Enquirer: 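The structure under discussion is supplied below as structure tokens; questions concerning it will follow.
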Amino acid sequence: MKNAELVRRKDAATPRGVGVMCNFYAERAENSEIWDVEGRRYIDFAAGIAVLNTGHRHPRLVAAMQRQLERFTHTAYQIVPYASYIELAEKINQRAPGQSAKKTAFFTTGAEAVENAIKIARAATGRPGVIAFSGAFHGRTMMGMALTGKVVPYKVGFGPFPGEVYHAPYPGELHGISVEDSLKALQHLFKADVDPKRVAAIIFEPVQGEGGFNVAPAAFVKALRALCDEHGILLIADEVQTGFGRTGKLFAMEHYGVAPDLTTMAKSLAGGMPLSAVCGRAEIMDAPAPGGLGGTYAGNPLAVASALAVLDVLEEEKLVARGAALGERLMDRLHGLRSRVPQMAEVRGLGAMVAVEFQKADGSPDPEFTREVQNRALEKGLLLLSCGVYGNVIRFLFPLTIPDAVMDEGLDILEDVLVR
């Protein structure tokens with residue numbers, strides 16, 4: 001089997017709307033490495049878009065799914081429940097940010113988690129409005145797209161979107177948006193567009209994913225919490241990409257000293273299996289009536305088994321601390337290259353959620369150089385992902401289980417393509 005033949009078959013059989021970054025096809029993978037159908041090896045600094053914090057095919061996850069596979073694969077939890085769903089909910093409730101009593105419901109995708117968080121917030125408050133931020137990414141469903149603050153490629157051609165969704169600028173020092181600017185914009189929304197008494201929730205990413213790995217300043221997060229408390233608005237932290245050790249904490253909100261009312265999670269929750277969740281204050285989670293939440297595949301038993309193993313692996317292998325150390329190592333390497341790569345405008349991140357933004361000499365975004373870096377790295381066997389509203393950011397999402405030797409090899413390739 002050849003990659004070129006699979007590309008031809010893909011183009012004939014699948015729509016162009018499902019964009020594919022790589023022109024090779026995976027045959028097998030192990031921890032932080034992938035081999036294609038022609039036997040070529042790649043170092044994976046993408047991790048399935050932050051899904052594989054515990055690496056490809058972690059033995060503990062494989063064994064847990066094999067054990068579950070021998071028992072049953074599906075009953076639909078809402079029809080015939082199973083104990084593992086409850087066990088996982090209990091463990092998430094214990095670990096999610098906040099001291100209040102919490103409850104958790106499971107779904108399948110991050111977009112589903114976001115959709116259901118909005119449903120829960122509206123049911124709990126009796127209000128319709130939702131505020132999100134520029135640069136945000138919250139999914140490809142209709143509500144997810146409405147909340148998302150990036151038009152191309154996510155929103156273009158797909159409207160109209162659900163109403164009562166408003167956007168404010170997300171703070172970013174490089175782009176001249178201060179915390180004060182963002183908070184003033186929120187106050188302007190309350191004066192010009194929506195009465196705060198009509199707003200059910202403010203949803204934000206503690207570190208924006210597709211928006212460019214923009215890290216929310218602590219003052220901003222604390223101000224959002226105070227604003228929500230003042231107006232009876234619920235604060236939703238979208239931790240779909242930031243959760244499960246990626247930022248040097250189990251959840252990114254642990255960095256801020258305040259808790260959200262609802263937290264969405266997915267991606268590395270189940271180490272490659274489709275599983276997402278909404279966790280929140282018990283009284284808020286109980287607002288929807290029985291039957292208001294769920295889904296045919298929501299909380300699939302194989303995915304739940306994998307997620308329970310993920311929590312064990314994170315704890316036993318101390319991957320949260322390892323993620324923080326790996327992120328520091330990467331940041332040090334990138335900062336050391338800045339004098340040799342004039343296009344590097346900023347290195348930023350939290351824990352192992354690190355990115356570098358590229359600009360031209362005049363300060364404008366440089367997506368062309370970003371694509372060159374990504375393509376050259378791919379030629380040398382290193383998978384990198386881009387992001388940012390202008391497509392001028394490279395983000396790093398290596399598994400937290402990556403061996404030191406493989407990490408060093410990947411960093412050497414990165415340096416080679418940056419200073420070329």
Side-chain angles (χ1 to χ4, degrees), residues 89-107 110-133 136 138-139 143-144 146-147 164-168 170 182-183 186 189-190 194-208 216 218-244 247 249-266 269 276-289 292-293:
E90 290 170 339
K91 291 190 174 185
I92 294 296
N93 294 339
Q94 292 166 3
R95 291 164 171 79
Q99 299 302 312
S100 303
K102 295 186 284 289
K103 293 188 175 183
T104 294
F106 294 107
F107 306 97
E112 264 190 286
V114 168
E115 292 266 345
N116 280 280
I118 300 303
K119 286 166 53 179
I120 293 164
R122 285 175 166 172
T125 62
R127 302 174 178 185
V130 184
I131 296 173
F133 291 91
H138 296 292
M143 176 56 77
L147 295 168
E164 295 279 14
V165 174
Y166 306 90
H167 286 87
Y170 192 94
S182 294
L183 297 177
L186 286 169
L189 275 180
F190 292 156
V194 60
D195 183 346
K197 293 183 175 61
R198 287 182 56 80
V199 177
I202 295 176
I203 184 169
F204 81 109
E205 301 159 276
V207 184
Q208 289 192 323
F220 177 65
V221 178
K222 290 175 180 177
L224 286 182
R225 178 71 273 173
L227 190 69
C228 287
D229 291 342
E230 178 185 354
H231 295 291
I233 297 168
L234 300 184
L235 184 62
I236 303 173
D238 184 340
E239 295 237 29
V240 167
Q241 191 161 164
T242 53
F244 301 96
T247 68
K249 300 285 188 181
L250 190 63
F251 292 98
M253 285 298 290
E254 295 176 55
H255 289 282
Y256 295 102
V258 295
D261 300 296
L262 297 168
T263 301
T264 63
M265 58 194 80
L269 166 60
S276 65
V278 180
C279 177
R281 287 166 36 205
E283 70 275 15
I284 295 171
M285 292 295 295
D286 276 338
L293 304 176

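Excluded from the calculations below are hydrogen atoms, water molecules and symmetry mates; all remaining heavy atoms, backbone and side chain alike, are included. This one's a predicted model, so the numbers in the text were calculated from it and none came from an experiment.
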Enquirer: Under 3.5 Å, side chain of Tyr256 to main-chain N/O of Ala216, donor-acceptor pair present?
Expert: yes

Enquirer: Determine the sole option in Val114, Leu262, Val165 for which the side-chain contact (heavy atoms from CB on, under 4.5 Å) test with Ile203 is passed.
Expert: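 One option only clears the test, and that one is Val114.
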
Enquirer: Can you confirm whether Val221 sits close enough to Pro206 that some side-chain heavy atom of one is under 4.5 Å from a side-chain heavy atom of the other?
Expert: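 The answer is no; the side chains never approach within 4.5 Å.
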
Enquirer: Kindly indicate whether the side chain of Ile131, heavy atoms from C-beta on, has any atom under 4.5 Å from the side chain of Phe190.
Expert: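 Touching, per the 4.5 Å side-chain cut-off.
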
Enquirer: Would you say that Ile92 contacts Leu269 through its side chain, given a criterion of any heavy-atom pair below 4.5 Å between the two side chains?
Expert: yes

Enquirer: Determine whether a donor-acceptor pair (N or O, by modelled atom type, separation under 3.5 Å) exists between the side chain of Asn93 and the backbone of Lys102.
Expert: yes

Enquirer: Please check this pair: side chain of His255 against backbone of Thr247, looking for a donor-acceptor N/O pair closer than 3.5 Å.
Expert: yes

Enquirer: Checking Gln94 side chain against Lys91 main chain: does a donor-acceptor pair fall under 3.5 Å?
Expert: no

Enquirer: Can a salt bridge be assigned to the pair Glu164 and Arg127 using a cut-off of 4.0 Å between side-chain N and carboxylate O?
Expert: no

Enquirer: Between Glu239 and Ala252 (side chain of the first, backbone of the second, donor and acceptor by atom type, cut-off under 3.5 Å), is there such a pair?
Expert: yes

Enquirer: Let me confirm one number: the CG-CG distance from Leu189 to Asp195, rounded to the nearest 0.5 Å.
Expert: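 Spacing of CG (Leu189) from CG (Asp195) equals 12.0 Å.
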
Enquirer: Measure the spacing between NE2 of His231 and CG of Leu186 and express it to the nearest 0.5 Å.
Expert: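 Atom-to-atom, His231:NE2 and Leu186:CG are 9.5 Å apart.
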
Enquirer: So, do Phe244 and Leu250 sit near enough that their side-chain heavy atoms are less than 4.5 Å apart?
Expert: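 Yes - at least one pair of side-chain heavy atoms lies under 4.5 Å apart.
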
Enquirer: So among Val199, Val130, Leu227, which one has a side-chain contact (heavy atoms from CB on, under 4.5 Å) with Ile233?
Expert: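 Only one option passes, and that is Val199.
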
Enquirer: Would a distance-only check, ignoring hydrogens and angles, find a side-chain to backbone donor-acceptor pair under 3.5 Å from Lys119 to Gly292?
Expert: yes

Enquirer: Does a side-chain N-to-carboxylate-O contact under 4.0 Å join Asp261 and Arg225?
Expert: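 Yes, this pair counts.
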
Enquirer: What pair of heavy atoms forms the shortest contact from Leu147 to His167, and how long is it?
Expert: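 In this case the closest contact between Leu147 and His167 is O-NE2, 2.8 Å.
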
Enquirer: If you round to the nearest 0.5 Å, how far is CG of Leu183 from CZ of Phe220?
Expert: 6.5 Å

Enquirer: Please give me the minimum heavy-atom distance between Ala287 and Ala123, naming the atom from each residue.
Expert: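 Between these two residues, the closest heavy atoms are CB-C, 3.9 Å.
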
Enquirer: Met285 versus Ile120: any side-chain heavy-atom pair under 4.5 Å?
Expert: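 Yes, their side chains come closer than 4.5 Å.
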
Enquirer: How far apart are the closest heavy atoms of Ala121 and Ile236, and which atoms are they?
Expert: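 Closest heavy-atom pair between Ala121 and Ile236: CB-CD1, 4.4 Å.
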
Enquirer: For Arg281 and Ser100, which heavy atoms make the closest approach, and how far apart are they?
Expert: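 For Arg281 and Ser100, the tightest heavy-atom pair comes out as CG-CB, 3.9 Å.
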
Enquirer: State the CD-CZ distance between Glu254 and Arg95, to the nearest 0.5 angstrom.
Expert: 11.0 Å

Enquirer: Test Val240 against Ser276 for side chain to side chain contact (heavy atoms under 4.5 Å, CB included), laying out the working first.
Expert: CA-CA 8 Å; Val240 167; Ser276 65; over 6 Å; no

Enquirer: Kindly say whether Glu205 contributes a backbone atom to a donor-acceptor pair with the side chain of Tyr170 at under 3.5 angstrom?
Expert: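 Side chain of Tyr170 to backbone of Glu205, a donor-acceptor pair under 3.5 Å: yes, one is there.
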
Enquirer: List the atom of Gly144, the atom of Glu115, and the distance in Å for their closest heavy-atom pair.
Expert: N-OE2, 3.5 Å

Enquirer: Distance from Glu112 atom CD to Met143 atom CE, nearest 0.5 Å?
Expert: 14.5 Å

